[in-house]
Structure formats: structure tokens, C-alpha cells
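Worksheet: the structure to be examined is printed underneath.
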Amino acid sequence: MSRSGRDGARARGRRPGATLAFVESPVQLLNVLEWAHSAAVIPAAPGSVEAGPAEAAAEVPGLTVIVLSPHDPMTRGQLRRVAELARDEGVSVRWEEARGGPTAPIKTIGSLVRELRRARRVVIGDPFSRYVQLLLTLTSARSVVVVDDGTATMEFVSQLAGGERLVRWHRKGSAPAGPQAAAQAVLFAPFARRARARLTPGGPQPEAPRVSPSDAGEGPGRRHSERARRVEIFSSMPVDASDGRLRELGVTVAANDFAWTRSRFGPPRLTRGTDLVGTSLVETGVVDLERYLEGVADLARTHGATRYFAHRRESNEKLQRVQSATGLEIVRPDLPLELVARRGPIGRTVVSFPSTVVHTLPLALAGTPVSVAVCEVDRTWFTAGASPRAEGFLSGVTDSARRVRKLGGPEGQGAAGRTVVGPASGRTGPAETATPPQQPSRTSVSREAGQASA
């Protein structure tokens, strides 16, 4: 892409009424690109942005992505790689060291106030993030788009439909970890309530107060805009159009079928072995480490696995134990797994515990003969401190996966048939061909679906 093309795209991202996207993880940034592709903000096909739909349609706003960088080195590395892919699409990407010290949040928020006030649309990847919630209180954007941050998106849908406060699923039903966390939760509660209001369609909407970030609370100077606020969820997770409350609220959903990923990468080269996908359930305190290691070893033996794709949050110590217990090759992906799998090489069978990839990999790998399987997590694996909702939540993630083979346990018993992603010929037989990915469409989201996933 030419420098002039990139500069033109960046100028469009800075103009009044442009779209601001806030991301904190590689998956969020990937799904911002998927949304931008679906909304014709970036070109439908690879090439110069000068020939793309964003140039032809004056009403389509530009896009600027703000990366609120995390501490974790693996996450930062993947974010930088996906950021380069975004820049190749003509997207302006701004990296903020948002957690680089005690004063970093104040500096970051202060530098964003003007852009937040001018933004016509805001795209976020994690509505549970306190950072994002605080930023939402400073914007008067009439349109908010929530893109997937993994299965947690469906928990957001459920809580939004039920009028509940926003709490991550693995913390729901659990007390804050210590008095300091409890005090922080109390202090932040007013901001969380206002952020949740921003994530609910309606109008007229209050404009962002013209005050400093430290005075970002509601005040008498707050005015109302003339147009109603619109909220859209752009998701690859299973949703249903049956929830009356969300229809009443006016929340819409557009289906993410990973069209951008499939148009830019692949088809992948396939290996003869099976690949296992790691999970951060141990790191989040949900699953016991020893039971997890036993489960991974069982899966490796049963399915002849050769590689283990590590989750970006898995520690080196844990991965060393996985390798020692199983002999698997540990792979630290430098991009989200959907991109890694699409680029290849990837195993003809991919086995995962309940996680986002059991929903996203079949979409990213549509048209290939890769089989994706999900292994249930037994209740005996849960730690004493796991949320009371953990078992039902993870079972819901498994049960709602549409294009995967379901395994009854780590030993592979009770398989519910095999579903193959593709092939394009559509032939059926002992291995049932998966249905094609949904095309982007708008409908209301379901609370029931949210309770079954996350």
C-alpha cells in the first residue's frame, strides 16, 4: 500500500464524526477488522484503500483504532502483529501505554477526551473493562458497536437483556478478592452504571460533559442530543431472535462470519496430526491445574495429538508441565488462532476445551476439511473458588457450538457425531458437512443464548 493511501486513510479516521475503536486484546482487534470489512469501512478485497468502498461512499466514516495496551508480553506481541495487519488495510492505529504507571490512565484518558466528544461511533471489544466503561462516560457518540472479546460477549448479551450490572462470568457470584478490590468496586460503581446506560439503546442521549476526566461524573452541564443512541453487537457467537426485551430495547446483532480472515488468508496447508488448543481456565482460577494436566494428557493419547497451541495467558511454568506430561510440541502463536489456523499449517483435527475457538474456528476454516472438536470440562476439575456459574457456563459454550464434534470427556467417550468444516463440495456421509457460515444480518439478540454461552 502506498504512503499516500495510508495517510489518506488516517486522515479519514481523524475527521469529525469518525469511528473510534478501543481494543485491549488481539482478538478484539481482529474482530474490529472483521466488523470494518462487513461495514465496508475497509476494502472488500486486498489492495489499495484508494479503490475500496470507503473511498466511494462519502457517508462511511473513517476508522481509528486505539490500542489500550496491556502488561502481558504475549498479548502485546500479538497486538502489535494484528496492528500491522490493520495498518496494511489503511486503518489508523494508535498505541497507548494505557497501563504504564500510576499516571498513565489519566494521561491516556486526557489525550482522548476531544476525540471521544467528536466521535460519531464508538466500537469496543470488552464492555466489562473498567477502562472502556470510563471512556464510554466521556463520549456522546450516537452509535456504539460491541465486537467479540471471546465467549464473554454472550454473557454481556444476557446481562444487558436482564438489566443486570456488568460482571465477568467467572467472577459472578464471587466476592471481590480482598478489601481493596471491594473498595474499588464501590468507587467505580457510578461509572459502571453510566457505561451500562451508554450500552443500552435509547434517546435522547446525554452529551459527554465538557469537563476534565477527573470530573467525568454526571453534572448539571450535561445536555441532550437530538438523535437516539443505537447499539449493535457484531458477533460470531450463537444468538437467537426470540428475546422480547432486547427487541424492545432495539439492540441489533450482525453476524461475524470471518469473511475478512477468509478473504485475506489461506486456504491452509494441513498436517496429518491432531492439534490441541490450550485454555486460560487455570489462570482465571476456574480449573485445577493438576486435573487440567491429566485431561490434556488423556486427550493427547486418545487423539494422537502432536502440538499444543498455547493460550496467550498461559504461563511458561504451566506450559513446561504440559510438555513434560504429554510430550506435545508447545506452540506460542504470534497471532490469534483464527489467523494462525487459516494461514496454516494446521492439523486435520483440532481439539479444544470450551472456549471461543469452538465457535470461531469453524467459521474461519469454512471450506476446508478440518474437523473441530470440543471436550467437556468435568465438574471435578473446578477449584473451590470457582464461580457457582462455571459449570453451567462452560457446558453452554459446548452445547451451543454448532459446527464441532462434541466429546463427552477427556477420554473422548460419548462423542455426538462428527461435523466437518467444509468441504466446499458439500458432500455428506459418515462425516457430516457443516452448514455454510451465516451472512451478516441484523436481528435481536437472545438472553437465553447469552445464558448458554459467553
Side-chain angles (χ1 to χ4, degrees), residues 10-11 13-33 61-84 86-87 91-141 144-147 149 166 168 180-181 183-185 187-199 207-219 312-313:
R10 292 189 176 106
R14 290 192 295 267
R15 75 186 185 190
T19 297
L20 283 180
F22 295 95
V23 301
E24 299 173 278
S25 77
V27 169
Q28 292 174 29
L29 181 48
L30 169 59
N31 286 315
V32 168
L33 290 175
L63 171 63
T64 299
V65 175
I66 311 295
V67 178
L68 304 172
S69 58
H71 290 300
D72 176 61
M74 292 301 301
T75 303
R76 289 169 66 91
Q78 286 193 16
L79 266 169
R80 291 193 183 279
R81 289 294 309 278
V82 184
E84 284 304 310
R87 292 188 179 101
V91 175
S92 174
V93 181
R94 176 170 153 188
W95 188 280
E96 292 283 348
E97 290 295 347
R99 295 169 174 85
T103 62
I106 297 174
K107 291 179 180 178
T108 298
I109 293 170
S111 69
L112 294 172
V113 168
R114 183 179 179 183
E115 291 169 275
L116 281 164
R117 289 173 181 161
R118 293 159 60 92
R120 178 184 175 188
R121 175 169 49 194
V122 171
V123 182
I124 64 172
D126 183 7
F128 296 103
S129 165
R130 287 184 177 178
Y131 221 131
V132 169
Q133 289 177 4
L134 184 55
L135 292 171
L136 283 175
T137 67
L138 299 173
T139 182
S140 56
V144 178
V145 180
V146 180
V147 300
D149 182 36
L166 301 181
R168 298 187 191 276
Q180 183 177 359
Q184 290 176 347
L187 290 172
F188 193 80
F191 295 99
R193 285 195 295 269
R194 286 194 290 274
R196 192 196 178 287
R198 295 280 186 187
L199 292 166
E207 291 184 355
R210 299 184 179 278
V211 294
S212 66
S214 60
D215 296 322
E218 293 179 349
R312 57 188 170 80
R313 291 177 181 161

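Residue numbers count from 1 along this sequence. In what follows, every heavy atom counts, from backbone to side chain, and hydrogens, waters and symmetry copies are set aside.
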| Is there side-chain contact between Leu135 and Ile66, with heavy atoms separated by less than 4.5 Å? | no
| When you check the gap from the basic side-chain N to the acidic O, do Arg87 and Glu84 get nearer than 4.0 Å? | yes
| message | Using every non-hydrogen atom in the two residues, find where Ala98 and Ala104 come nearest and quote the distance to one decimal. | response | O-CB, 3.7 Å
| said: In the structure I gave you, are the side-chain heavy atoms of Leu138 and Leu112 within less than 4.5 Å of one another anywhere? | reply: no
| query | Hey, what do you get for CZ (Phe22) to CG (Leu116), rounding to the nearest 0.5 Å? | reply | 4.0 Å
| Reported CG-to-CZ distance for the pair Leu20 and Arg120, which is rounded to 0.5 angstrom | 13.0 Å
| Which pairs, with at least one residue in residues 97-110 and sequence neighbours excluded, count as a side-chain hydrogen bond (donor to acceptor under 3.5 Å, both in side chains)? | Glu24-Arg99, Ser69-Glu97, Arg76-Glu97, Trp95-Glu97
| Distance-only polar pair, side chains of Asp126 and Ser129, donor-acceptor under 3.5 Å | no
| request: Indicate yes or no: at least one non-hydrogen side-chain atom of Pro26 is less than 4.5 angstrom from one of Thr75. | output: yes
| query | Has the side chain of Arg94 got a donor or acceptor atom that lies under 3.5 Å from a matching backbone atom of Thr64? | reply | no
| query | Are any of the side-chain heavy atoms of Leu199 and Ile124 separated by less than 4.5 Å? | reply | yes
| Side-chain (Arg198) to main-chain (Thr139) donor-acceptor, under 3.5 angstrom | yes
| query | How far apart are the closest heavy atoms of Ser25 and Asp149, and which atoms are they? | reply | OG-OD1, 3.3 Å
| query | For Leu79 and Leu29, which heavy atoms make the closest approach, and how far apart are they? | reply | O-CD2, 4.1 Å
